[in-house]
Amino acid sequence: MNGESDSSVAQELAREGYVVRRLFDESQTDALCESFKLTLGQLPEYKVREDWRYSKTGFGALGTASSFHNRFVRAMRLVAHAQIAPVMAEVDGVDELRASVGPVRNPRRWLFRQRFRGYRRRESTEKPRRLHQLYDRMLVRTENQHPTAEDWHQDLSVYSDGDTVYGGWIAFTDQQARLIPRTQHLHAPGAGFQKKKKAELDEVLPHALTVEVPRGCIFLMNQRLVHAVLPSKIRTDPMCRLFTAWRLTHDDRSLLEVEDRNRNSRQDGLGAAQKLDDVMREMEVPKIPSNQLPSMYNVRNVDDPKQRERLRSWCEGGMQDAVRTHVPMYADGKTPKRPRNLPPEQAFKIPELHAPSISTLRGLPRDAFDRAIHWEHLFPEYAAVERAILEPHRPRAVSAVELKTLARELLPALDGLK
């Protein structure tokens with residue numbers, strides 16, 4: 001990774017809260033960017049989209065099961081894990097602070113739940129933590145697509161005592177990140193998206209900076225580092241990235257198996273536990289590190305006439321009929337709002353808010369899709385080593401050679417990978 005030792009990279013990550021390191025050279029990145037785009041054109045939930053609008057949101061992250069389980073993203077996870085796992089082993093030794101979790105009472109009722117309460121120092125008798133990679137998804141953003149401005153915030157996973165979660169992405173086009181270094185230990189209780197008040201940032205805001213993430217590099221940061229998503233027009237068309245995340249933990253469960261109710265359960269799912277074996281076998285949409293179940297669009301899009309028309313255009317222009325249906329949106333009191341209750345001239349079919357599994361799609365008739373879908377090629381069964389990196393394990397327990405060998409088998413564009 002840029003010729004630096006795992007130890008020096010780990011020290012920088014623990015101190016600054018983020019690192020940017022190269023994974024692929026220029027020629028490899030060219031081939032991988034083409035493979036990324038080719039994969040998008042093969043995802044079964046979509047028609048071929050010449051406009052590259054694979055997401056209804058301005059942010060651009062995909063919400064389909066195929067965006068988590070296709071052979072391209074699985075190969076990338078293997079390569080990234082081979083590079084990052086040794087760094088995480090070193091981070092565990094140099095980062096003294098980790099999450100303190102305990103019972104916290106819900107202020108509205110007499111109910112105690114396990115919650116993040118701050119930070120504690122590593123105990124002298126504390127054993128080394130395990131590591132596992134977390135599921136995350138693809139993002140493609142066009143020059144006409146840009147995210148809504150977000151205030152300075154921290155992204156907080158549901159924690160077990162002693163945890164640290166690191167998130168980021170692999171960049172296949174030149175990109176940027178906006179953050180405040182060394183703010184990963186500012187206290188923010190709870191889980192999910194936590195906005196920071198201006199008073200909390202007065203001393204650190206002058207140190208905010210924009211970090212360049214060149215194509216072929218991985219950007220990795222402590223999930224609690226204060227950062228922002230700023231609205232900007234993308235010059236590269238399209239922007240392509242794969243989100244990644246790792247968790248250091250004493251827990252023997254993956255984050256998928258942790259149950260914690262989401263604040264906005266209509267949009268983000270109930271936060272129910274998922275079994276890793278089920279997600280891999282059925283190729284379901286998994287929860288992402290923030291405990292949210294990725295959605296295909298915003299529930300408010302159906303109620304607002306202007307957004308509704310945009311949703312209609314997006315659905316009819318690029319979603320397969322097989323995944324479009326009349327589904328309940330959300331309840332307003334006891335009155336469910338459904339697209340079929342719209343005036344006839346406005347009625348249309350939409351995808352389910354949370355997309356079906358690959359197993360479900362494979363069970364549909366062949367003529368449900370506008371082209372032949374090569375299921376076995378796009379979504380081969382998971383190998384044992386793929387499961388191994390998605391469940392807690394000792395950071396150096398999985399062979400980097402084995403990871404890269406399987407990555408090359410999944411993706412011929414990696415043939416030159418050492």
Side-chain angles (χ1 to χ4, degrees), residues 18-20 23 32 36 39-40 43 54-55 57 59-85 88 131-141 147 154-159 163-173 175 177 191-193 213 217-225 227 229 239-249 254-258 262 268-269 271 274 276 279-280 283-296 354-355 357-358 379 382 386-387 389-392 403 407 410-411:
Y18 77 97
V19 291
V20 177
L23 283 184
L32 291 174
F36 185 106
T39 299
L40 288 172
L43 300 183
Y54 287 88
S55 172
T57 67
F59 185 60
L62 279 65
T64 60
S66 62
S67 69
F68 291 91
H69 299 290
N70 65 74
R71 64 191 307 128
F72 175 85
V73 301
R74 287 161 54 182
M76 292 299 98
R77 288 190 194 114
L78 293 166
V79 173
H81 200 83
Q83 295 278 22
I84 297 300
M88 290 291 107
L131 173 72
H132 72 95
Q133 192 172 167
L134 307 175
Y135 271 111
D136 222 324
R137 54 199 171 153
M138 305 170 82
L139 176 146
V140 57
R141 192 184 302 161
Q154 294 169 296
D155 295 323
L156 313 179
S157 292
V158 180
Y159 281 89
D163 279 9
T164 310
V165 175
Y166 297 88
W169 66 78
I170 301 171
F172 300 99
T173 54
Q175 298 170 35
F193 182 95
V213 186
C217 292
I218 185 170
F219 167 72
L220 192 63
M221 73 174 188
N222 188 307
Q223 192 187 48
R224 290 181 174 267
L225 193 74
H227 61 286
V229 177
M239 172 199 278
C240 299
R241 74 171 59 154
L242 173 64
F243 287 105
T244 57
W246 284 266
R247 175 190 182 215
L248 284 168
T249 183
S254 75
L255 273 186
L256 286 178
E257 300 171 78
V258 177
N262 286 314
D268 302 326
Q274 294 177 301
L276 179 59
V279 170
M280 296 178 71
M283 298 192 184
E284 301 171 346
V285 175
K287 294 189 296 184
I288 55 177
S290 59
N291 196 50
Q292 297 166 300
L293 190 64
S295 54
M296 296 293 291
H354 299 114
S357 67
I358 295 300
F379 310 105
Y382 275 90
E386 292 182 276
R387 190 189 195 287
I389 66 174
L390 291 168
E391 61 182 356
L403 292 170
L410 288 170
L411 196 64

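- Going from atom CG of L242 over to atom OG of S67 covers 9.5 Å, rounded to the nearest 0.5 Å.
- Nearest heavy atoms, H132 versus P392: CB-N, 3.5 Å.
- A heavy-atom distance below 4.5 Å is not found between the side chains of T244 and D136.
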Full working for side chain to side chain contact (heavy atoms under 4.5 Å, CB included) between M76 and F36: CA-CA 10 Å; M76 292 299 98; F36 185 106; over 6 Å; no

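- At a cut-off of 3.5 Å, with distance as the only test, a side-chain donor of T249 or D163 sits close to an acceptor on the other residue.
- Nearest heavy-atom pair, P294 versus P286, reported as atom, atom and distance to 0.1 Å: CD-O, 3.3 Å.
- One N or O on the side chain of Q274 and one on the backbone of V285 form a donor-acceptor pair closer than 3.5 Å.
- Between the side chains of R241 and Q175, a donor-acceptor pair is found at a separation under 3.5 Å.
- Of all heavy-atom pairs between S357 and A65, the closest is CA-CB, 4.1 Å.
- Atom SG of C240 sits about 8.5 Å away from atom CG of L139, to the nearest 0.5 Å.
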Residues L411, L32; criterion side chain to side chain contact (heavy atoms under 4.5 Å, CB included); working and verdict: CA-CA 9 Å; L411 196 64; L32 291 174; 3.6 Å; yes

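- Looking at heavy atoms from C-beta onward, I288 lies in side-chain contact with R137 at the 4.5 angstrom threshold.
- Of the possible polar contacts, none joining the Q83 side chain to the A80 backbone as a donor-acceptor pair under 3.5 Å is found.
- Within the model, atoms CZ of F72 and CZ of R77 stand 11.0 Å from one another, a figure rounded to the nearest 0.5 Å.
- Panel note: side chain R71, backbone L410; a donor-acceptor pair is recorded below 3.5 Å.
- Nearest approach of A171 to V213, heavy atoms of both residues: CB-CG1, 3.9 Å.
- Heavy-atom minimum distance, L225 versus H227: O-ND1, 2.8 Å.
- At least one side-chain heavy atom of L134 sits under 4.5 Å from a side-chain heavy atom of V165.
- Atom OG1 of T64 is separated from atom CG of L43 by 5.5 Å, given to the nearest 0.5 angstrom.
- Taking CG of L248 as the start and CE of M88 as the end, the distance is 6.0 Å to the nearest 0.5 Å.
- Between the R141 side chain and the F59 main chain, a donor and an acceptor come within less than 3.5 Å of each other.
- Under the 30°/60° scheme for interplanar angles, the aromatic rings of F219 and W169 are found to be tilted.
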Stepwise side chain to side chain contact (heavy atoms under 4.5 Å, CB included) test for Y135 and L276: CA-CA 10 Å; Y135 271 111; L276 179 59; 4.0 Å; yes

Trace of the side chain to side chain contact (heavy atoms under 4.5 Å, CB included) decision for H81 with L131: CA-CA 10 Å; H81 200 83; L131 173 72; 4.0 Å; yes

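- Y54 OH to M138 CE: the interatomic distance, rounded to the nearest 0.5 Å, is 9.5 Å.
- Closest heavy-atom contact between A245 and P289: CB-CG, 3.6 Å.
- Judged by distance alone, with hydrogens and angles left aside, the side-chain atoms of R74 form a donor-acceptor pair with the main-chain N or O of H69 at under 3.5 Å.
- A heavy-atom distance below 4.5 Å is not found between the side chains of I358 and F68.
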